[in-house]
Protein chains: 2
Amino acid sequence: MKKENSRECLNWRNSSPLFSSLSEKEVEFLTEGYIQVHFKKGETIRKQGTILDHVMYIGSGLAKQYIEEPGLNDIILTIIIPGKMVCSAGFFVNGLQYSTVAALTDTEISFFKSDHLKDLLHQNKDFFNVFMGEFTQTVLNHYQRLSLINRKQVPGRMADSLLYLSKEIYNCDEFSLDLNRLDLANLCGMSKDSVDKVLRDFQEEKLIQIKKNIFKILDEKALRNISKFG
Amino acid sequence: MKKENSRECLNWRNSSPLFSSLSEKEVEFLTEGYIQVHFKKGETIRKQGTILDHVMYIGSGLAKQYIEEPGLNDIILTIIIPGKMVCSAGFFVNGLQYSTVAALTDTEISFFKSDHLKDLLHQNKDFFNVFMGEFTQTVLNHYQRLSLINRKQVPGRMADSLLYLSKEIYNCDEFSLDLNRLDLANLCGMSKDSVDKVLRDFQEEKLIQIKKNIFKILDEKALRNISKFG
DNA sequence: CAAAAATAATGATTAATATCAATATTTTTT
DNA sequence: AAAAAATATTGATATTAATCATTATTTTTG
C-alpha cells in the first residue's frame, strides 16, 4: 500500500516555478517578516471575514479551504496540498478573506506579507505572469467545482470528488482519507447521509473499497463514466 | 412605469474609474486596434473555448455570461450591463474563454487588445490597482452566486435572482425582463418548470406581479426574508 | 483503561425538485 | 393576416435527495 500522504515541501524557494523568477534580493525582500507556524489537525488557520494581509504557503500537511454562510452548510472549494501558495481573490482589493482555511492534518504554514508580494508583482514582470497564471488557474478550478456541484447529481459529484482526491490530492488509488463524512459532504455539496448512501452503493457495485478510513479505487473507468453521465 | 432599460455608456473613457488613471498617451495606446461591433439580440458575442485575445467593454444593451458543459444546462454567471469591462479569468494566462457571452438585447461592444491592456497593467500602478480590484470583485461575485445556488433551495434562489435583477440590473422595482424562462432557469440553477412554479407561487402570495414580461416587485421585504431563510 | 463524546452506518420517511404531458399564448415568418 | 415556430402555463407524476431515528463503531479525554 502506497501512501503519498506525507509529501513535504518546506523548502518553498525550490518548490514552485513561482519563486525561480525572483532574484536573490527580491527573495530577501519577500522573506522579510516572513513567519512559519505549526497548526494542529482541526485548527482554523485563517478565518473568513478577517483582514487579508498575508499570503499563505503550505509547507506540509493538508488543509481545506471553504466558504461559510450562516445557516447553510460550508462548501469546500479546494483541498490544499504542500507546495502551493494560497492567495484569496481578496488579495488585490486589500479586502477581507472570503473563505476560511482549516487544517485537516497537522500542517506547517508560512506567511508572507501581502504588501511585499504586491510590490514584487509590480517590479518583476516574469514573477507577475507566473503568479497571475497560478492565481487564475485556481479561480478557474473553483468555478469548475462550484458549477459542476450545482448541475450534477449525487453519484456524479461523488465520483468527481473521489477522482479528485485520488488523482490530485493523494496521487494514489489507495489513500487514507483525512476528511470526515461531513467534510466529504461539503466537498460534494450534499448531505452527510447522502454521502454514506452513495458510498455504500459504490461499494456494492465494486467501484471502491472502504476499510476503516482507507479508500481504494477499484474501477476508475466506471467512476469516470458516472462522473460524465451521472 | 419607469424603465431604465436603455442606459447607455458608449463613452467608455468617462464611464469607469478604471480609465481615469490613464494618461492621454496610455489611452491612445489602448485605443490602437480598438474595434466596436453591434450585436443583435440572441447573438453570441464570445464563445467559450475560443482564444482570449481581446477584452470586452459593453457600451449599450444587456448580455449574459454563462458556462456551458455538454449534456448539462448552462449556468449564467452574471448579467452584464453597460459601462463594465468584461475580462475572463483566462486573461492572465493567455488562455481560452472559460465562458460564453451572448446578447440579451441589441448591444454595442468594444474590443480592446489584451496585450495592450496587459502592458498598461505593468506600466501604470494605479491602473493596475483599479483594474485588479474590479477583476477581483467580479470573481468574488461569481463565487457568491455559484455557492449560493448550490445551497439555497428554489424559492430562496428565485428571490435572490429577482432582487439581483431589480437592484443591480434594472435599477427599478418594475422592469421588462429581457431573459426568457430558460435564461431565468439558468440564472437560478433550476429547471424551467420550477421557475414557472415558483413564480406562480410568488404571484399568489402577492410578492410580485407579472404581466406579459413586465415584472413588478410588490413585497421586497418578504423576498429578502425568503432569500435569507428559504 | 473506562467513560464519554464524536463519528459512522443503515433503513424508513418526508420533502423538494425535475420530468412529463397537454394546452394556451405569443412571436416570428411567409 | 395566416401559418408555423417558439415560448409559456399548468397540473400530475416520478425521481431524487434531505431529514429523521436508531444502533454501531471509533476516537478522545479524564
Side-chain angles (χ1 to χ4, degrees), chain A residues 40-43 64 71-75 102-106 148-161 176-205 208-215 226 229-230, chain B residues 40-43 64 71-75 102 104-106 148-161 176-205 208-215 226-227 229-230:
Chain A
K40 283 205 288 277
K41 176 180 174 175
E43 282 185 313
K64 58 177 174 179
L72 299 176
N73 287 329
D74 295 341
I75 186 159
L104 288 170
T105 66
D106 286 18
L148 288 181
I149 271 181
N150 177 248
R151 293 176 296 172
K152 287 192 185 179
Q153 46 202 56
V154 164
R157 278 180 269 161
M158 180 54 81
D160 279 346
S161 293
S176 167
L177 188 67
D178 295 297
L179 287 76
N180 63 24
R181 287 293 182 273
L182 185 57
D183 288 329
L184 207 44
N186 292 338
L187 180 68
C188 298
M190 62 183 72
S191 76
K192 210 159 51 70
D193 303 74
S194 292
V195 168
D196 292 328
K197 173 83 171 56
V198 69
L199 286 180
R200 239 181 301 151
D201 292 345
F202 280 9
Q203 285 186 91
E204 268 171 30
E205 297 160 38
I208 58 170
Q209 187 188 75
I210 308 173
K211 276 184 188 162
K212 294 264 258 172
N213 238 22
I214 312 287
F215 280 60
I226 292 173
F229 301 107
Chain B
K40 283 205 288 278
K41 176 179 173 175
E43 283 185 313
K64 58 178 174 178
L72 299 177
N73 286 329
D74 295 340
I75 186 158
L104 288 170
T105 68
D106 286 16
L148 288 181
I149 271 182
N150 178 248
R151 292 177 296 172
K152 286 191 185 179
Q153 49 201 53
V154 165
R157 278 180 269 161
M158 179 54 80
D160 279 345
S161 293
S176 165
L177 189 66
D178 297 296
L179 288 74
N180 63 22
R181 288 292 183 272
L182 185 56
D183 288 330
L184 207 45
N186 292 338
L187 181 68
C188 298
M190 61 183 74
S191 74
K192 210 159 54 66
D193 304 74
S194 292
V195 168
D196 293 328
K197 174 83 170 60
V198 68
L199 286 180
R200 238 182 302 152
D201 292 346
F202 280 9
Q203 283 186 91
E204 269 172 30
E205 297 162 39
I208 59 171
Q209 187 188 76
I210 308 174
K211 276 184 190 162
K212 295 263 256 170
N213 238 22
I214 313 286
F215 279 61
I226 291 172
S227 157
F229 302 108

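Numbered from 1 within each chain, the chains take letters A, B, ... in sequence-line order.
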Visitor: Can you measure B:Asn73 atom CG to C:dA18 atom C1' for me and round it to whole angstrom units?
Guide: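 After rounding, the gap between these two atoms is 11 Å.
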Visitor: Round to the nearest Å and state the distance from B:Asp201 atom CG to D:dG11 atom P.
Guide: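 In whole Å, D:dG11 P lies 11 Å from B:Asp201 CG.
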Visitor: Does the side chain of A:Ile226 reach to within under 4.5 Å of the side chain of A:Phe202, using non-hydrogen atoms?
Guide: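 SC-SC contact between A:Ile226 and A:Phe202 confirmed.
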Visitor: In whole angstrom, give the distance that lies between atom CG of B:Leu184 and atom P of D:dT9.
Guide: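 My rounded result for the distance is 11 Å.
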Visitor: Answer yes when B:Asp193 and B:Lys197 have at least one side-chain N-carboxylate O distance shorter than 4.0 Å, and no when they do not.
Guide: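 Here B:Asp193 does not pair with B:Lys197 in a salt bridge, since their nearest N and O are not under 4.0 Å apart.
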Visitor: Below 4.5 Å, heavy atoms only, C-beta onward: do A:Leu184 and A:Met158 meet side chain to side chain?
Guide: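 Yes; the side chains approach each other to less than 4.5 Å.
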Visitor: From the list D:dA17, D:dG11, C:dT10, which nucleotide is the closest neighbour of the side chain of B:Arg200?
Guide: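 Taking heavy atoms from C-beta onward, the closest nucleotide is D:dG11.
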Visitor: Closest heavy-atom contact between A:Ala103 and A:Lys40?
Guide: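 Residues A:Ala103 and A:Lys40, closest heavy atoms: CB-O, 3.6 Å.
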Visitor: Quick check: closest heavy atoms across A:Arg181 and A:Lys192, and the distance to 0.1 Å?
Guide: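 Scanning both residues completely, I find the closest heavy atoms to be CB-CG, 3.9 Å.
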Visitor: Treating primed atoms plus P, OP1 and OP2 as sugar-phosphate and everything else as base, which nucleotides of nucleotides 25-30 of chain D get B, S or - for protein heavy atoms under 4.0 Å?
Guide: --S---
Visitor: Working to the nearest 0.5 angstrom, can you tell me the gap between A:Cys188 SG and A:Lys152 NZ?
Guide: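 Rounded to the nearest 0.5 Å, the SG-NZ separation comes to 11.0 Å.
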Visitor: OP1 or OP2 of D:dA6 less than 4.0 angstrom from a side-chain nitrogen or oxygen of B:Arg181, does that happen here?
Guide: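 For B:Arg181, the contact criterion (side-chain N or O under 4.0 Å from OP1 or OP2 of D:dA6) is not met.
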Visitor: Decide yes or no on side-chain hydrogen bond (donor to acceptor under 3.5 Å, both in side chains) for B:Asp160 and B:Ser227, but give the supporting numbers first.
Guide: CA-CA 6 Å; B:Asp160 279 345; B:Ser227 157; 2.6 Å; yes
Visitor: Are A:Leu182 and A:Asn186 side-chain neighbours, meaning at least one heavy-atom pair lies under 4.5 Å?
Guide: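 Yes, close enough: below the 4.5 Å cut-off.
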Visitor: In this structure, how many angstroms lie between the C1' atom of C:dA18 and the CZ atom of B:Arg157, rounded?
Guide: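 Nearest whole value for this atom pair: 11 Å.
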Visitor: Can you measure A:Asn213 atom CG to C:dA9 atom C1' for me and round it to whole angstrom units?
Guide: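 Spelled out: CG on A:Asn213 to C1' on C:dA9 is 13 Å.
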Visitor: Name every residue in residues 188-199 of chain B that has at least one heavy atom under 4.0 Å from any atom of DNA chain D, in order of residue number, or write none if there are no such residues.
Guide: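 Heavy-atom cutoff 4.0 Å gives B:Asp193, B:Asp196.
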Visitor: Using whole Å, report how far CG of B:Asn180 lies from P of D:dA6.
Guide: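 In whole Å, D:dA6 P and B:Asn180 CG are 13 Å from each other.
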Visitor: Quickly work out the A:Asp183 CG to C:dA6 P distance and round it to whole Å.
Guide: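 Between P of C:dA6 and CG of A:Asp183: 16 Å.
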Visitor: Within this structure, what is the CG-to-P distance between A:Leu182 and C:dA9, rounded to whole angstrom?
Guide: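 After rounding, the gap between these two atoms is 14 Å.
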Visitor: Taking side chain as C-beta onward, heavy atoms only, is B:Gln203 less than 4.5 Å from B:Ile210?
Guide: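 SC-SC contact between B:Gln203 and B:Ile210 confirmed.
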